[in-house]
Amino acid sequence: MPHPTAHPHYSPSASRPDFSPPEAVTGSNTTLQGLASLPRPAADLVLLGDLTGLYAAGSYSRLGPDGRTVTLRGDRQGISEHGHRITAAIACHVARAGGSVEQLTRLLLHPDHEGGRHARHIALRSGQARALDYIHRVWASAVQTVSTSMVLGSRDHAYEALAALRDRIETTPWRGERARTALRVLRAHLNFAETAGGPLHHASERQAAEEAGISRTTLRVVYETVLRPQGWLRRLRVGHGREGSTWYLALGSPHRHAGTAALSRSRTTQYPPRAGT
């Protein structure tokens, strides 16, 4: 099914919501210091928004209940999802740079920062308290995401990290039939990741299911109930046609429950931006 053309969520000429946060939030010196601590692409995302449409992918469509049919979201829902992905990416950038939720709040609520338009729209529509609560939830999810993600400096480092991850997976107790099935899926994705040279890799559901020796239905069940909630595996983009899905292997925890994932919005793409993006 054809997808709508991804348009940048923000543009410098777009009208701004009439919301002016307190001076303590928008102090120019503090805000400039916050931007200076971020890499250039992150600072551009804050200042200019998603001009390239990088975070638009998947925002205006979603996978149907059958796991195969793609349906279009309404314009308002698509714009909101796109804005949330931009907000989540900025939060990950700030967390990776060692920033704080206060720094993130200042960056998002500054009236001249296009990347904060979604948070400011929430403030305009539902009040500042609701916007601050939203920012804190996004921040908590970003901190969790960054803390369980591997930062790789070279291909050799990538292989070392994958070897350490394989050791972690093999030494984790997988109790119960569903957990043992999840282990088979993880081993399959480790094989794909080693071929790709890092935790970010591509594979279709069919490929992953065949590699694990299970059905696609079973693969979806263990992903939704075990691997994703516990932080072992994240599907960043759903593949269509001959294009495989994009996956990211991470340092999961068998003690983490599905409730942790609720900090981020349902079926939302949030992951640490790769270096240089």
Checklist entry - Parallel, tilted or perpendicular: which describes the rings of W232 and W174, with under 30° parallel and over 60° perpendicular? => result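 If you compare the ring of W232 with that of W174, the planes turn out tilted.
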Checklist entry - Any salt bridge (Lys or Arg N to Asp or Glu O under 4.0 Å) pairs touching residues 37-47, not counting sequence neighbours? => result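 For residues 37-47, and leaving out neighbouring residues, the salt bridge (Lys or Arg N to Asp or Glu O under 4.0 Å) pairs sorted by first residue read R40-D44.
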Can you name the salt bridge (charged side-chain N to carboxylate O under 4.0 Å, His left out) partners of [X], sequence neighbours left out?
{"X": "R175", "result": "none"}
{"X": "R206", "result": "E210"}
{"X": "R166", "result": "E194"}

Just to verify, what does [X] make a side-chain contact (heavy atoms from CB on, under 4.5 Å) with, not counting sequence neighbours?
{"X": "L47", "result": "L35, H113"}
{"X": "A208", "result": "H189, F192, L219"}
{"X": "T217", "result": "S215, R220"}

Taking the side chain as C-beta and beyond, is there a heavy-atom pair between [X] and [Y] under 4.5 Å?
{"X": "H118", "Y": "I86", "result": "no"}
{"X": "L233", "Y": "W247", "result": "yes"}
{"X": "E114", "Y": "L51", "result": "no"}
{"X": "L249", "Y": "H201", "result": "yes"}
{"X": "R120", "Y": "L124", "result": "no"}
{"X": "E205", "Y": "R235", "result": "yes"}
{"X": "H84", "Y": "V138", "result": "yes"}

Item to check | Trace of the salt bridge (charged side-chain N to carboxylate O under 4.0 Å, His left out) decision for R85 with E81 | outcome: CA-CA 6 Å; R85 293 183 182 206; E81 178 67 17; 3.1 Å; yes
Item to check | Neighbour count above 12 (heavy atom, 6.0 Å) for R125 CZ | outcome: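 Count over threshold, so yes.
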Next on the checklist: Under 4.0 Å between a side-chain nitrogen and a carboxylate oxygen: does that hold for R228 and E224?
Outcome noted: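 Answer for the salt bridge query: yes.
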Checklist entry - Does E177 pair with R180 as a salt bridge, N-O distance under 4.0 Å? => result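 Looking at R180 together with E177, the answer is no, because their closest N to O distance does not fall below 4.0 Å.
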Among residues at least two apart in sequence or on other chains, which ones pass side-chain hydrogen bond (donor to acceptor under 3.5 Å, both in side chains) with [X]?
{"X": "D133", "result": "R137"}
{"X": "T181", "result": "none"}
{"X": "H136", "result": "none"}
{"X": "R187", "result": "E170"}

Checklist entry - Rounded to the nearest 0.5 Å, how far does OG of S204 lie from CD of E211? => result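 Going from the CD atom of E211 to the OG atom of S204 covers 11.0 Å.
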